[in-house]
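For clarity, every value in this text was computed on a predicted model and none was experimentally measured.
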Amino acid sequence: MALAWLLWDLARDGDLVLAGLAHLNHGIRGADADGDEAFTADLARRLGVEFARAAVDVPALAAARRVSLEVAGRDERRRFLAGAAARLGASRVATAHTRDDQAETVMLRVLRGAGLRGLAGIPPVRGVFVRPLLDCTRDALQGWLRARGESWREDVTNREPGTPRNRLRLEVLPSLRGAFNPALDAALARLADIVGVEDQYLEEQTARLLPDVVEVADSGVRVDLAALAQLPEALARRVARRALETADPGRTYGIEEADALRAAAAGPGRIGSVGRLRMERNGSVVVLTDRASAARPAEAFSYPLTVPGVCPVPEAGVTVEACTPRPAGPRLDPPGADEVQVDASAVGTRLVVRSRRPGDRIRPLGLGGRKKLQDLFVDRKVPCIERDRVPILVDARGRIVWVAGHVLGEEFRVTRDTNAVVALKLRRF
């Protein structure tokens, strides 16, 4: 109520536009919550602004998601308020968090062993949300409303000591104020301010270093372990956390999970998991993928490819091209991993582009002998999730000509006796 009147005063003075008030009924307190909604609707009418309202069954959502009422309610409020802002044409959503709320939040996070990000408390600005009353106390705001002749409503559940926050508010903080520091709330708010500035600096350093350590690839989020190991621990934790959140943007990861990634990456196991992510280490790189998608096998594929011709392979996100044969001669440019030249007479005019199959073997160029494709992929540190998507080119006799992007078959190499060559090219979508 205090926030609404303060914003209305600023709007009246031309400092901002008050687009409206928004109220979400959580479906917890029955008639009492309905009274809150009616009270807020009347305030919107008095202020002459739009009123956005909605109702959700937070207890049912909390049960379905297996989270607390507090978490489910917070998530629904954020979703509702962001949507209300969009409908009302507002660029910001102001919420009335006070210094008391900040003190409670910081103390709860101290008790839970939070890091700097947690101890920074409630940020003044996060996305479209702004909290202009973080430096104000509840008592001061209530006194201001009384002087103005305005009333407010109290959420009766705030007096029930059943939740950690309420117990902290009703029992723990009053005891600490009496025994240690009457200005405890101000001290906790100052701690949040100090930590917030330092956290922001470290986040800026993390963002600067992130591209050197973390890469987003088709196979997943790749973490360079050698580069990660060179970082100071404070930054290594943050980079690890950002890697996890890049691979799983729908979830916030903390210190424990960042440390779990660092420990698992340095441990003896090659495959593990962190949160909802699958972690596979290949040499000095860890690849993070969603465990659900990683569990789904890639679709097998097989397509004909004439010479010359082009073959799209949607399962792999590539196109394979066999160019028109041309006389053998010195190359003007060196070949890359995605292009090879083969003896035209050896390769013939009909190829097949397919996924790998059990028992596949190849005679790798220059290595001598035959090698299982499985062993080849392990040696070349190809992540498991990528192996079924690598295009394998075989000739009419079923011999592997090229493991596209990796190895050429010995039988198809260009020699001094080669009269004509065919260029094979891999193009990524």
Side-chain angles (χ1 to χ4, degrees), residues 217-219 282-283 287 296-429:
D218 292 340
S219 58
N282 291 285
V287 180
R296 294 192 295 269
E299 292 184 27
F301 56 86
S302 180
Y303 300 104
L305 172 62
T306 58
V307 180
V310 176
C311 175
V313 186
E315 293 86 351
V318 300
T319 295
V320 179
E321 178 184 1
C323 300
T324 302
R326 63 176 179 82
R331 287 185 63 97
L332 298 179
D333 54 327
D338 291 347
E339 179 180 348
V340 294
Q341 286 191 357
V342 295
D343 188 310
S345 63
V347 80
T349 60
R350 294 187 180 277
L351 299 172
V352 172
V353 182
R354 62 167 175 81
S355 51
R356 65 170 178 162
R357 296 175 182 172
D360 272 343
R361 292 174 178 268
I362 185 174
R363 290 184 60 197
L365 179 64
L367 295 184
R370 298 174 66 81
K371 194 177 189 71
K372 290 181 180 178
L373 223 53
Q374 170 69 15
D375 295 338
L376 175 74
F377 284 144
V378 171
D379 291 345
R380 297 183 66 85
K381 300 179 175 57
V382 179
C384 291
I385 194 173
E386 289 186 14
R387 294 173 190 174
D388 289 326
R389 297 181 174 89
V390 176
I392 311 297
L393 276 71
V394 299
D395 68 358
R397 295 165 54 186
R399 298 176 299 173
I400 295 179
V401 178
W402 185 34
V403 180
H406 294 281
V407 172
L408 177 66
E410 174 71 27
E411 302 97 315
F412 305 94
R413 67 186 179 93
V414 176
T415 70
R416 66 178 63 183
D417 297 323
T418 298
N419 295 316
V421 297
V422 171
L424 302 176
K425 300 180 181 180
L426 183 69
R427 308 291 191 195
R428 306 179 194 277
F429 290 173

Practice prompt. Step through the shown structure and confirm whether more than 12 heavy atoms of other residues, nucleotides or ligands are within 6.0 Å of CG on D375.
Written response: yes

Item to complete: List in chain and number order the residues that pass side chain to side chain donor-acceptor pair (under 3.5 Å) with R413, two or more places apart in sequence or in another chain; answer none if no residue qualifies.
Response: E410

Discussion item. Do V320 and L424 have side chains that approach each other closer than 4.5 Å (heavy atoms only, starting at C-beta)?
Written reply: no

Worksheet item: Which atom names give the shortest non-hydrogen contact between A346 and E411, and what distance separates them?
Response: CB-O, 3.9 Å

Discussion item. Taking side-chain contact (heavy atoms from CB on, under 4.5 Å) as the definition, give me every residue that meets it alongside T418, ordered by chain and number, with sequence neighbours left out.
Written reply: A328, D343, V414, T415, V421

Item to complete: Indicate yes or no: at least one non-hydrogen side-chain atom of V342 is less than 4.5 angstrom from one of W402.
Response: no

Fill in: Student check: side-chain heavy atoms of E339 and E321 closer than 4.5 Å
no

Worksheet item: With respect to V318, which candidate in D338, V313, V390 satisfies the side-chain contact (heavy atoms from CB on, under 4.5 Å) definition?
Response: V313

Practice prompt. Could you tell me the separation between the OG atom of S345 and the CG atom of N419, rounded to the nearest 0.5 Å?
Written response: 7.0 Å

Practice prompt. Using a 4.5 Å cut-off on heavy atoms from C-beta on, say whether the side chain of E315 contacts that of R389.
Written response: no

Fill in: Nearest non-hydrogen partners of L373 and R356, listed with the distance
CD2-CB, 3.9 Å

Worksheet item: Is R350 atom CZ crowded by more than 12 heavy atoms from other residues, nucleotides or ligands, each under 6.0 Å away?
Response: no

Worksheet item: Nearest heavy-atom pair of L426 and P391: which atoms, and what distance?
Response: CD1-CG, 4.2 Å

Worksheet entry | For V307, all residues meeting side-chain contact (heavy atoms from CB on, under 4.5 Å), sequence neighbours excluded | A322, P325, L351, V422

Discussion item. Using side-chain heavy atoms (C-beta onward) and a distance below 4.5 Å, is V394 in contact with V401?
Written reply: no

Item to complete: Please determine which of I400, L365, D395 meets the side-chain contact (heavy atoms from CB on, under 4.5 Å) test together with F412.
Response: D395

Worksheet entry | Exam field: side chain D379 to backbone L376, donor-acceptor pair closer than 3.5 Å | no

Item to complete: Check the pair K372 / D360 against salt bridge (charged side-chain N to carboxylate O under 4.0 Å, His left out), numbers first and verdict last.
Response: CA-CA 6 Å; K372 290 181 180 178; D360 272 343; over 6 Å; no

Discussion item. Out of the candidates V353, T306, V352, only one should pair with C311 under the side-chain contact (heavy atoms from CB on, under 4.5 Å) rule; please name it.
Written reply: V353

Worksheet item: Taking atom CG of L305 and atom CZ of R354, what is their separation to the nearest 0.5 Å?
Response: 14.0 Å

Practice prompt. Decide yes or no for R363 and K371: does some side-chain heavy atom of the first lie under 4.5 Å from some side-chain heavy atom of the second?
Written response: no

